[in-house]
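Sequential numbering from 1 along the given sequence is applied to the chain's residues.
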Amino acid sequence: MMWSVWWVWILGAIVLGIVEVFVPAFIFLGFAIGAAITGLLMLVGGPLATLMVGSMPVTLLIFAVLSLVSWLALRKVMGVRKGQSKVFTTDINEDH
């Protein structure tokens, strides 16, 4: 059961971080942070880690929630701010 081993989640976080370098959109970075935190929770232990090791759906739910929260935080910090949306006034297909 590879999904219940902490270092698999850390390795997944590293791979997702590398993918983010090649596809910069802050999408894979959110998943990488979620996987890293999931792996750290499993490494540290505690009642939440006990639930995660015993149940794949609980582990995936925690990973999904952590990924969503980290993606929203990244979007808030690094994303487009209010009033900074890109407005195109010309069409690239128009002849000038």
Requested in this report: Mind listing the closest non-hydrogen atom pair of Gly17 and Ala32 along with its distance?
Outcome: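 Shortest heavy-atom separation between Gly17 and Ala32 comes out as N-CB, 3.8 Å.
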Report task. Considering non-hydrogen atoms only, spot the tightest contact between Met42 and Thr59 and give its length. Result ->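 Taking Met42 first and Thr59 second, the nearest heavy atoms are CE-CG2, 3.7 Å.
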Transitive ILVMFWY side-chain link [X] to [Y], under 4.5 Å:
X     : Y     : answer
Leu60 : Leu43 : yes
Ile37 : Leu61 : no
Ile27 : Phe22 : yes
Val77 : Leu29 : yes
Val58 : Val69 : no

**Report entry** side chain to side chain contact (heavy atoms under 4.5 Å, CB included) assessment of Ile33 paired with Leu66
**Finding:** CA-CA 8 Å; Ile33 293 170; Leu66 290 171; over 6 Å; no
**Report entry** Residue list, side-chain contact (heavy atoms from CB on, under 4.5 Å) with Ser67, at least two apart or on another chain
**Finding:**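 Testing Ser67 for side-chain contact (heavy atoms from CB on, under 4.5 Å), a comparison that skips the adjacent residues, returns Phe31, Phe63.
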Query raised in the report: Of Val19, Val15, Ile18, Val21, which is the lone residue that meets side-chain contact (heavy atoms from CB on, under 4.5 Å) with Phe28?
Result: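 Of all the options given, the one that passes is Val19.
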Query raised in the report: Roughly how far, to the nearest 0.5 Å, is CH2 of Trp9 from CG of Leu16?
Result: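 The distance works out to 10.0 Å.
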